[in-house]
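Worksheet: the structure to be examined is printed underneath.
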Amino acid sequence: LFATTKAPPPIPDNTIDIFSAIGSTNECREILRRALTEKIPLDDIEIIHPPDSTYPSIMYALAAKSGLPMTFAEGIPLAFTAPGKVFGGLIDWLEHDYLVSDLCALIEAGALKLPSGNGHVALTPLKASRYLKSAMIGWGRERYVERLRTLIRDADDSVRAAEVEGELENAGKYRDNIREVESLVALIADILELLPGEDEGGKVDFAALCRGAASFVGKFAAVYGDLDAEARGLLRSRLDEAAAFKTAPLKRQAAFEWLKNLAAGLRVGASGPAPGRLHLSSWRTGGFSGRPVTFVVGLDQGTFPGAGIQDPILLDEERERISGELRTSADSLRENLWAMAGMLAGLKGRVVLSYSSYDIIEERQSFASSVVLQAARLREGKPELDYTGLMRMIEEGSGGRAGSGEGGGGGGGARGFLPEGEGEGLDETDWWLGKLAPAGVLRDGMEAVKTNFDLLGRGIYGMERRERSGIGEF
C-alpha cells in the first residue's frame with residue numbers, strides 16, 4: 001500500500017472501489033442501497049468502521065427502520081435501547097427539578113412502561129402525557145400528586161354538572177377520565193417513592209439514589225427484545241454495585257453527574273458474525289470474518305489516521321527528552337496507518353473504501369485520507385496520482401461500484417440524500433425522495449398544492465396578483 005511504485009500492474013477486476021458521500025449517514029445509506037440493488041447477500045458483507053460509535057449508531061438506526069438484520073462486533077451504545085433511554089430521561093428529569101416536559105417526553109417516546117391491570121386503568125402514552133400537561137405542574141416533585149388530584153376534582157365537578165343537565169354520555173366520559181388520572185396518580189406516587197429527595201442541606205444520599213434508579217429501570221423500563229433485556233440487566237447490575245458503596249451525601253448536581261457516569265461508555269449486543277446478518281466491526285478488530293465484500297468507512301482525513309494531537313500533560317518534545325521509548329503523536333499516527341495497511345492486506349474479495357466529503361453539522365468540506373489516495377494509485381496503476389486526480393476520478397464515477405463492472409455504474413460524485421436510480425430506494429424516505437426529486441431535480445409542487453388544496457390555491461392566486469405591478473382585484 002505504501003510502495004505503489006513497486007506494485008505489480010493493476011488487474012481490471014474492480015475489486016477496489018471508492019466512493020464519497022455527503023455526511024456519514026448518506027455513506028451508510030449508500031452501502032445498504034448497493035447491497036439492495038446488487039442483491040449482495042447480507043452475510044457476504046462486513047462493514048469496518050472507525051473505533052467510535054458514530055457508524056454503529058447510524059447503522060443501528062437504519063437497521064431498526066428498514067428491518068435489516070445486523071451484528072455488531074463491539075455492540076451498540078446503551079442509550080439506543082429502551083432501558084438506556086429511560087435511564088437518560090430519568091437523569092434529565094431529576095437534573096431539571098422534575099420538569100414535567102421531561103417526563104412527558106420520556107412517556108411519549110414509548111420507553112416507559114405504563115401500568116395496566118392489577119386495578120390500574122390502561123393508559124396510552126399520549127393520554128398520560130396530555131393529563132400531565134393539563135395539570136399545569138411545571139416542576140417540583142411535590143406538585144405532581146397535588147395538581148393531578150386537582151384535575152380529578154375538576155373532572156368530578158364536570159360529572160355532577162353533566163348529570164344535572166342530563167348529559168349521561170358526557171358524564172360517563174368524565175368518569176373514565178377520573179379513573180385514568182387516578183391510575184396516573186398511582187404511577188407517579190410509585191415513581192416518587194423510589195427516588196430519594198434532598199435533605200435540609202440540599203444534598204442527596206447517592207446510595208439511595210442508585211437503588212431508586214435501579215428499581216425505576218427494573219420496574220418501568222419497557223423491554224422490546226433481547227437487547228433491551230440485556231441493557232436492563234447491565235444497568236441494574238451497575239447501579240446495584242454503586243449502591244453497595246457507602247458515601248457521604250452529595251450535592252444534587254454532583255450526585256446526578258456521578259449517576260450519569262455510571263452508564264457512560266456501556267454497550268450491549270456485542271456479537272460475532274452470524275448467518276443471514278450484515279456484520280460491523282472496527283478497524284482494530286475487523287477483517288477476520290472472511291466475507292467476500294468488505295466496506296471500509298470513515299476514511300476522511302480528519303478521522304483517519306487521526307489529528308495527531310499531542311498529550312497536553314507531556315508534549316512530544318518533552319517525551320523525546322525523557323526517553324526515546326515514549327510514544328509521540330507521530331508514532332500513534334504511524335501505528336494507525338500500519339495497522340490499517342495490515343488489515344487491508346488480509347482482506348479477500350471486493351473492498352469498497354468510502355469517506356464523508358462534507359461535514360453537514362460543521363458545514364465544511366472534508367477530504368479523503370491518504371489511505372484512499374494510495375488505494376486509488378494501486379487501482380489505477382498510477383503512482384503519481386494526486387488528490388486532484390482522485391477527486392476527478394470520483395466525480396467521473398470511475399471509483400467503481402461493487403458488481404457494476406469496470407468504470408462503475410450509477411454516476412459519479414458524492415452520494416447524497418437522493419437514490420441514484422429507480423430500484424435504489426432503501427425505505428419509505430428514499431421512495432418519497434425519489435418521487436419528489438426524480439433524477440435529482442425537485443418537482444415543482446406548487447401546481448399540485450393549488451389543485452388539491454382549494455383554499456391554499458386561492459391564497460397563492462391572491463398573493464401572485466398582489467405582486468403584479470398593475471391595479472387588480474387584490
Side-chain angles (χ1 to χ4, degrees), residues 83 85-109 111-116 118-159 174 177-222 235 239 242-243 247-260 262:
K85 291 174 183 176
V86 165
F87 184 68
L90 171 65
I91 294 175
D92 289 340
W93 189 44
L94 295 174
E95 277 188 317
H96 300 151
D97 195 17
Y98 300 87
L99 187 66
V100 71
S101 58
D102 287 338
L103 181 59
C104 289
L106 185 57
I107 291 172
E108 290 169 10
L112 198 67
K113 187 166 55 179
L114 297 177
S116 61
N118 297 325
H120 291 289
V121 177
L123 271 175
T124 64
L126 288 180
K127 270 192 174 182
S129 179
R130 189 187 71 198
Y131 287 134
L132 286 169
K133 292 173 182 176
S134 300
M136 295 185 290
I137 295 165
W139 61 87
R141 64 179 285 156
E142 72 284 349
R143 287 179 54 82
Y144 276 81
V145 174
E146 174 193 335
R147 293 303 307 166
L148 287 171
R149 292 201 184 281
T150 300
L151 207 61
I152 293 172
R153 287 194 293 270
D154 292 343
D156 195 42
D157 292 341
S158 298
V159 169
Y174 291 132
N177 291 345
I178 290 172
R179 285 192 289 270
E180 289 172 345
V181 178
E182 287 175 342
S183 181
L184 184 58
V185 168
L187 169 66
I188 296 297
D190 286 347
I191 291 174
L192 294 178
E193 188 178 356
L194 296 175
L195 305 173
E198 300 172 20
D199 61 19
E200 294 179 355
K203 295 185 177 181
V204 178
D205 184 339
F206 185 68
L209 180 62
C210 290
R211 285 193 295 270
S215 299
F216 179 83
V217 169
K219 189 173 182 180
F220 297 110
L235 259 178
L239 290 166
T247 60
L250 302 173
K251 290 184 178 180
R252 61 188 307 274
Q253 195 57 44
F256 300 148
E257 284 298 325
W258 281 30
L259 191 64
K260 194 183 300 183
L262 288 176

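Fair warning: this is a prediction, and the values are worked out from it, not measured in the lab.
With sequence neighbours excluded, the residues satisfying side chain to side chain contact (heavy atoms under 4.5 Å, CB included) with Ala213 are Phe87, Leu90, Leu239, Leu259. The side chain to side chain contact (heavy atoms under 4.5 Å, CB included) search around Ser129 returns Cys104, Glu108, Lys133, not counting sequence neighbours.
Ile188 contributes atom CD1, which lies 4.5 Å from atom CD1 of Ile191 (distance to the nearest 0.5 angstrom). Separation of atoms CG (Leu151) and CG (Asp156) is listed at 11.5 Å; rounding is to 0.5 Å. Remark: Ile107 CD1 to Tyr131 OH distance equals 13.0 Å, nearest 0.5 Å. If you take CD1 on Ile152 and CZ on Arg179, they are separated by 12.0 Å, rounding to the nearest 0.5 Å. Here the straight-line distance linking atom CG of Leu132 with atom CG of Leu184 works out to 4.5 Å at 0.5 Å rounding. For the atom pair Arg153 CZ and Leu148 CG, the distance stands at 10.5 Å (nearest 0.5 Å).
A heavy-atom distance below 4.5 Å is not found between the side chains of Leu250 and Phe256. With contacts defined as side-chain heavy-atom distances shorter than 4.5 Å, the pair Phe220/Leu187 qualifies. Asn177 is not listed as a side-chain neighbour of Ser158, based on a closest heavy-atom distance of 4.5 Å or more.
Contact between Asp102 and Asp92 at its shortest, heavy atoms only, is OD2-O, 3.3 Å. Closest heavy-atom contact between Ala242 and Cys210: CB-SG, 3.8 Å. Looking at every heavy atom in both residues, Phe206 comes nearest to Ala255 through CE1-O, 3.5 Å. Nearest heavy-atom pair, Leu123 versus Ala128, reported as atom, atom and distance to 0.1 Å: CD1-CB, 4.3 Å. Tyr174 and Val159 make their closest contact through CB-CG2, 3.3 Å (heavy atoms, listed as atom of the first residue, atom of the second, distance). Residues Pro196 and Val204 approach most closely at CG-CG1, 4.4 Å, considering heavy atoms.
Remark: the backbone N or O of Ile137 is not paired with any side-chain donor or acceptor of Arg147 at under 3.5 angstrom.
Note on Lys260 versus Glu257: salt bridge recorded, some NZ/NE/NH1/NH2 to OD/OE distance being below 4.0 Å.
Residue pairs that meet the side chain to side chain donor-acceptor pair (under 3.5 Å) test with at least one member in residues 193-221, sequence neighbours left out, are Glu198-Arg252.
Proximity of the aromatic rings of Trp93 and Tyr98 is defined here by a centroid distance below 6.0 angstrom, and this criterion is met.
Within 6.0 Å of atom CZ in Arg149, 12 or fewer heavy atoms from other residues, nucleotides or ligands are found, so the atom counts as exposed in its surroundings. Remark: Lys251 NZ is loosely packed, at most 12 non-hydrogen atoms of other residues, nucleotides or ligands lying under 6.0 Å away.
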